[in-house]
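Side-chain atoms are counted along with the backbone in the values below, which use heavy atoms only and exclude waters and symmetry mates. Counting convention: from 1, in listed order, for ligands and their atoms alike.
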Amino acid sequence: MKIQPITFFSCILFLACNQTDKTSETLSTANTKFDKELMVNAQGLFQPLPPRAESADYPITAEKIALGKMLYYDTRLSKTGNNSCNSCHNLATYGVDNLPFSKGDAGKFGGRNSPTVLNAAFNVAQFWDGRAKDVEEQAGGPILNPVEMAIPSKEYLEKKLKAVKEYTDLFKAAFPSDKNPLSYQNIQNSIASFERTLVTPAPFDNYLSGDSAALTADQKEGLKIFMQVGCIQCHIGVGVGGGLFQKFGLYVDYRTLTHSTTNDEGKKKLTNQESDKDVFKASSLRNVEKTFPYFHDGSINDLKQAVVIMGKTQLNKDITDTDASKIVSFLNSLTGNVSDDVKIMPAKLAMK
Ligand code: HEC
Ligand code: HEC
């Protein structure tokens, strides 16, 4: 996720030189040159998605994926039976519920916007404040969270699932060498294995792999502006973000522009450090077209407005309406393909 200094330098150089180059060449050669340099620079900053988010510690198997998918969709994982993971991270709507805040198991609302689970396994850490180190650790949180799924204890859920014959078989198949396959830890591990397969290749990936025609002219211009104004200080790498934490509001308090109704101070709530005030994960921008509303509190509905706010709060720049529209065009090239298979609830649950 680190920017290589040389790439970054040549990128800045290219962006500066590109303006003057054009006059001395015919438009078409200039366009070809623009295209080529843009791609090389983009390839230095972003990477195409691999097929899955592999982990050496947690090898993915077909059995774990099948079990994980079933658990992901199962409302038995909540106390009242109202919520599954899919309630707030609906795979038919890009892994989100499109609400500012999500409705918990007993009908109460949480205090943060649900981020998408798609490609989340690539993020440097999970949650807006990074309090879980990976998807394995993260999956244990919502189940016991008193608002979200409200299961009283790990043992309570283990017992509840052990009463379902289907699960005892599936856990045995997924964790064949475990003495106690149906454990809370293995619930987490299998859900996470499923999440590690939720990868959504998009036109931008084809572009990064060398297909210049994968982006429209507007999207290429948007990409150029995205790099030029400095969005890449925080939104780079395989996720086009998701790789680091930053203060939301480096130049302007975000609340003055988002009109947020909650006073969320991000990482400071965890660490009590003043330097962590308003520090949040710089979101991955994959599928951002579809994951509205935006920001940790879902305070902004419109992507173009979110882009303009970012320009002001993070870079102290007034992005023009035209430039913001082009950036949005580029961001739309990050909308990926969610495989039909994952969008369908497992048949065994549909009959429950
Ligand atoms: C009631 C709604 C709700 C339910 C149910 C729920 N989540 Fe979430 N999820 C959220 C919210 C809200 C956040 C952000 C919370 C925060 O950052 O403090 C979140 C964060 C996450 C993240 C972090 C993504 C990132 O990029 O940081 C993942 C992964 C995730 N949830 C997966 C799951 C899984 C797996 C389940 C089922 C075991 C689940 N969630 C159940 C609402 C929900
Ligand atoms: C210095 C770091 C930094 C820079 C530069 C930056 N961002 Fe962000 N970006 C963040 C952080 C942090 C968040 C999460 C803010 C929050 O909701 O708490 C974010 C969130 C976003 C979101 C909302 C994503 C979502 O799912 O809610 C969009 C869209 C976005 N950035 C686009 C941009 C664009 C476009 C630029 C350039 C104009 C840019 N950002 C520049 C750090 C940065």
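Ligand 2 lies nowhere less than 4.0 angstrom from a heavy atom belonging to Leu331. Distances from ligand 2 to the non-hydrogen atoms of Lys281 include at least one value under 4.0 Å. Residue contact annotation: Trp128 has a non-hydrogen atom under 4.0 Å from ligand 2.
Within the 4.5 Å cutoff, the side chain of Lys290 has heavy atoms near those of the Thr335 side chain. Side-chain contact check for Pro152 versus Lys79: some heavy-atom pair is nearer than 4.5 Å. The closest side-chain heavy-atom distance from Lys64 to Thr61 is below 4.5 Å. Taking the side chain as every heavy atom from C-beta outward, Val135 and Tyr58 never approach each other to under 4.5 Å.
Every atom of ligand 1 is numbered from 1 in the order shown, and the set under 4.0 Å from a heavy atom of Pro142 is 6 (C), 36 (C), 38 (C), 39 (C), 40 (N), 41 (C). Contact atoms of ligand 1 toward Cys88: 1 (C), 2 (C), 3 (C), 4 (C), 5 (C), 42 (C), 43 (C) (distance under 4.0 Å to a heavy atom of the residue). Set against the non-hydrogen atoms of Pro115, the atoms of ligand 1 under 4.0 Å away are 13 (C), 14 (C), 19 (C), 20 (C), 24 (C), 25 (C). Within the listing of ligand 1, atoms 25 (C), 26 (O) sit less than 4.0 angstrom from a heavy atom of Asn123. The distance from ligand 1 to the heavy atoms of Ile191 drops below 4.0 Å at these ligand atoms: 35 (C). Counting the atoms of ligand 1 from 1 in the order shown, those under 4.0 Å from a heavy atom of Val117 are 30 (C), 32 (C).
Taking the six-membered ring where the residue is Trp, the centroids of Phe204 and Phe330 are separated by under 6.0 Å. Taking the six-membered ring for Trp, Tyr254 and His296 have ring centres closer than 6.0 Å.
The protein heavy atom nearest to atom 18 (O) of ligand 2 is His296 ND1, 2.7 Å. Among protein heavy atoms, atom 33 (C) of ligand 2 sits closest to Met310 CG, 3.4 Å.
For the salt bridge (Lys or Arg N to Asp or Glu O under 4.0 Å) test with Asp278, the passing option among Lys268, Lys267, Lys269, Arg255 is Arg255; the others fail.
Coordination check, His89 versus atom 8 (Fe) of ligand 1: passed, since an N/O/S atom of the residue sits under 2.8 Å.
Counting heavy atoms under 4.0 Å from ligand 2, residue Asp297 does not touch it at all. Within the 4.0 Å heavy-atom criterion, the part of Asn113 lying near ligand 1 is the backbone and not the side chain.
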